[in-house]
Each structure stands twice: as structure tokens, then as C-alpha cells.
Amino acid sequence: VQLQASGGGLVQAGGSLRLSCAASGRTFSTYAKGWFRQAPGKEREVVAAISRSGSSTYYADSVKGRFTISRDNAENTVYLQMNSLKPEDTAVYSCAAAPVLNRNAYYIAANNYDHWGQGTLVTVSS
């Protein structure tokens, strides 16, 4: 599976962005997906994760209620809708995929993911 993230950019605080992560390969639906971010000088952290089926999701406390992860298996794409953005959301955002048997399971730890896309920079100005 190869992943291609897009949709980053510069936005003012309170604004919105939608990140997309397009995947190649015919087994997209067998992978759980996650979005991670890394701010300058900080460690990479999980932002959101979604199961194969899309029925189970996880959000970091810092983004809960503002971000929404979703997936379209027919389009081989996972999305991250980011609303009410804050300057502290500024980071490079990366998508990741992990094969999983349980269609309702997802992973939070980065070391569970074995496919990563290149990052897309999100900058939120105050």
C-alpha cells in the first residue's frame, strides 16, 4: 500500500481544513488507518484512527469534538476534517495504514503501522 497525503496549508485560527490520504492497492479495505502529527521540537502523536469498517474511531483528547476522521473504501481514501483549528494544531500531518483482521479494530501506537505517507504541513496562524 502506498499512501499520498494532501490538503495541508495555511489557515487562520478558527478555520477549517480537510486532509486526504489516497491509497494505492486493492486491499485498502483490509487496513486500519491513522492520522499522526509532529510539531517542531515535539514527538509524533496520534491524532485520530479508524477501523477497516469505519464504524470505530479514536480521537486524541486535544482534537476531540473538532476533528473528524472518515474513510471511503470505494475511493481508497481516508479523510481528516479539521474544524476550529488552533495555533497548537500546527504540525506536519501524516497518514498511516496497518493490516488488521478485526474489521472493527484500530491502532493508536505508531509502531503498529507499517505503511506511511509523506507528511502534509498544516500551519494555523493566530
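Computation of the quantities below employed the complete heavy-atom set of this structure, encompassing side-chain atoms and omitting hydrogens, waters and symmetry-equivalent molecules.
Legend: residues meeting salt bridge (charged side-chain N to carboxylate O under 4.0 Å, His left out) with K42, ordered by chain and number and at least two apart, are absent. For R66, the salt bridge (charged side-chain N to carboxylate O under 4.0 Å, His left out) partners at least two apart in sequence or on another chain are D89.
Closest of all the heavy-atom pairs between A13 and P87 is CB-CD, 4.1 Å. Residue A105 comes nearest to A32 through the heavy atom pair O-CB, 3.8 Å, listed as atom of the first residue, atom of the second, then distance. In this structure, Y107 and A98 approach most closely via the heavy-atom pair CD1-CB, 3.6 Å. Considering all non-hydrogen atoms of both residues, Q81 and S16 come closest at NE2-CB, 4.0 Å.
F36 and Y93 fall into different hydrophobic clusters, where Ile, Leu, Val, Met, Phe, Trp and Tyr side chains are chained together by heavy-atom contacts under 4.5 Å. If you chain together hydrophobic residues whose side chains sit under 4.5 Å apart, V92 and L85 never meet in one group.
Residues R37 and R44 are not in side-chain contact: their nearest non-hydrogen atoms beyond the backbone lie 4.5 Å or more apart. Taking 4.5 Å as the limit, some side-chain heavy atom of I69 sits within range of a side-chain heavy atom of V78. With a 4.5 Å cut-off on side-chain heavy atoms, Y79 and R18 count as touching. Within the 4.5 Å cutoff, the side chain of V46 has no heavy atoms near those of the W35 side chain. At a threshold of 4.5 Å between non-hydrogen side-chain atoms, the residues L3 and C21 count as touching.
A donor-acceptor pair under 3.5 Å is formed between the side chain of R52 and the backbone N or O of V100. Using a distance-only test at 3.5 Å, with no hydrogens or angles considered, no donor-acceptor pair links the side chain of S24 to the main chain of V1. Remark: the backbone N or O of S56 is paired with a side-chain donor or acceptor of S51 at under 3.5 angstrom.
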Where do I108 and Y58 land on the side chain to side chain contact (heavy atoms under 4.5 Å, CB included) test, with the steps shown first?
CA-CA 8 Å; I108 297 174; Y58 166 86; 3.6 Å; yes
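L10 contributes atom CG, which lies 9.0 Å from atom CG of L121 (distance to the nearest 0.5 angstrom). In this structure, OG in S55 is found 10.0 Å from OH in Y106, a value given to the nearest 0.5 Å. For the atom pair L17 CG and L80 CG, the distance stands at 9.5 Å (nearest 0.5 Å).
Of the residues listed (V47, V124, V63, L19), the one engaging M82 in a side chain to side chain contact (heavy atoms under 4.5 Å, CB included) is L19, and it is the only one.
Among residues at least two apart or in separate chains, there is no side chain to side chain donor-acceptor pair (under 3.5 Å) pair with a member in residues 111-126.
Side chains of D72 and T77: no donor on one and acceptor on the other come within 3.5 Å.
Atom CD of Q2 is surrounded by 12 or fewer heavy atoms from other residues, nucleotides or ligands within 6.0 Å.
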